[in-house]
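Sharing a structure with you now.
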Protein chains: 2
Amino acid sequence: MAENFRKEIVQRITKNLLDIQILRLIQTQPMWGYKIKKQVETKFGVKVGHGALYPLLNTLEQKGFLTSQKQQKGGRTRKVYTITSKGKQYVETYNNILKEQLEGLDIK
Amino acid sequence: MAENFRKEIVQRITKNLLDIQILRLIQTQPMWGYKIKKQVETKFGVKVGHGALYPLLNTLEQKGFLTSQKQQKGGRTRKVYTITSKGKQYVETYNNILKEQLEGLDIK
DNA sequence: TACAATATGTCCTTTTTAGGACATATCTCA
DNA sequence: TGAGATATGTCCTAAAAAGGACATATTGTA
């Protein structure tokens, strides 16, 4: 039963906070869209439509969370994304909030 | 700058994972809808429409995450919710996922 | 040589979600 | 006695999001 919950919650976090999960992935190493898609699918077990992913990556670049470099791999072009310091800050803030969530709530 | 991120991320987590945040609140002590609404607003800084909250509470009860007892407070009726063991499991699973997120990703 | 995989991108429709409107009733304080 | 807070509930519309279709091109493999 707890395992059913697991998949469900991971999927919800991944879908709703997809940008953060992508930043976390790219923080481990620079990556391009197609690889991110595959990583999200194998790591988190969540299918990501590329029609949602590529616009999101462009948005994250526009916001200054990512930068990209075009890389030639044979005749195919890869757009390799690297996380910026702003992106790292966003992830760090996220991590801090998670820590607080684990510490629990104190309600009067 | 990091403070701007903070509010934004807390709001996103609260809105997208509202049911989990509610379970976490009720886990600290039994609570009724109106109090939950106020707590979410003061604790998380997120406005929750009661038109979204009450149906959600009923759904969580139907799913077996919460049970309710009607409580008379003067002539007004309160529906006090208590978390079930199933609800606690859900929160615990969520906590475990958060812990793993903090431990980080290992990508080849 | 044909199909699957790699690689990136836009567009549109359907579904889902959010939030305010509608609805009712009690209590407290000025 | 009237307004604001407490308390719970449904309904509907408008906005947002998801996912598949459309679009193109290269590479590797059977």
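Every value quoted in this text rests on a predicted model; they were computed, and no experiment measured them.
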Margin query: Any side-chain to backbone donor/acceptor pair from B/E61 onto B/S68? Under 3.5 Å, distance only.
Written below: yes
Next item on the list: To the nearest Å, give me how far apart CG (B/N16) and P (D/dA18) are.
Entry: 9 Å
Margin query: Closest approach to the side chain of A/W32, judged atom by atom: which nucleotide of D/dG9, C/dT10, C/dA7 is it?
Written below: C/dA7
Notebook entry, point to check: Which residue pairs satisfy the salt bridge (charged side-chain N to carboxylate O under 4.0 Å, His left out) criterion with at least one member in residues 14-26 of chain A, sequence neighbours excluded?
Noted result: A/D19-B/R12
Note to self: Without decimals, in angstroms, what is the distance between A/K35 NZ and C/dT6 P?
What the structure shows: 12 Å
Notebook entry, point to check: CE of A/M31 versus C1' of C/dT6: gap in Å, rounded?
Noted result: 16 Å
Check: Atom CD of B/Q39 to atom P of D/dA7: distance rounded to whole Å?
Finding: 12 Å
Margin query: From the set C/dT6, D/dA7, C/dT10, return the single nucleotide nearest to any side-chain atom of A/K38.
Written below: C/dT6
Item checked: From CA spacing to verdict: salt bridge (charged side-chain N to carboxylate O under 4.0 Å, His left out), A/E92, B/R6 -> CA-CA 10 Å; A/E92 210 189 313; B/R6 203 188 159 70; over 6 Å; no
Note to self: Using whole Å, what does the distance between atom C1' of nucleotide C/dG9 and atom OH of A/Y81 come to?
What the structure shows: 10 Å
Checklist line | Nearest-Å distance for atom pair CD/C1', residues A/Q71 and C/dT8 | finding: 15 Å
Next item on the list: May I ask you to decide if the ring planes of A/F5 and B/F65 are parallel, tilted or perpendicular, using 30° and 60° as cut-offs?
Entry: tilted
Item checked: Under 3.5 Å side-chain donor-acceptor pair for A/Q71 and A/T77 -> no
Margin query: I'd like to know if the side chain of B/K79 pairs up with that of B/N58 as donor and acceptor (distance under 3.5 Å, no hydrogens or angles considered).
Written below: yes
Notebook entry, point to check: Just how far, in rounded Å, is P of D/dT27 from OH of A/Y34?
Noted result: 15 Å
Next item on the list: Please tell me if the side chains of A/V80 and A/M31 come closer than 4.5 Å, counting only heavy atoms from C-beta onward.
Entry: no
Margin query: Distance check needed: D/dG20 P versus A/L53 CG, whole Å only.
Written below: 14 Å
Check: Using a cut-off of 4.0 Å between protein heavy atoms and nucleotide atoms, how would you tag nucleotides 19-30 of chain C 5' to 3' with B, S and -?
Finding: SBB----BS---
Note to self: Counting only heavy atoms and a strict 4.0 angstrom limit, can you tell me which residues of residues 56-63 of chain A come near DNA chain D?
What the structure shows: none
Notebook entry, point to check: Would you say B/I22 and B/L57 make side-chain contact, with heavy atoms under 4.5 Å?
Noted result: yes
Notebook entry, point to check: Given the rule in the salt bridge (charged side-chain N to carboxylate O under 4.0 Å, His left out) test, do A/E41 and A/K37 qualify, once you have shown the distances and angles that lead to the verdict?
Noted result: CA-CA 6 Å; A/E41 282 166 9; A/K37 183 174 148 70; 3.2 Å; yes
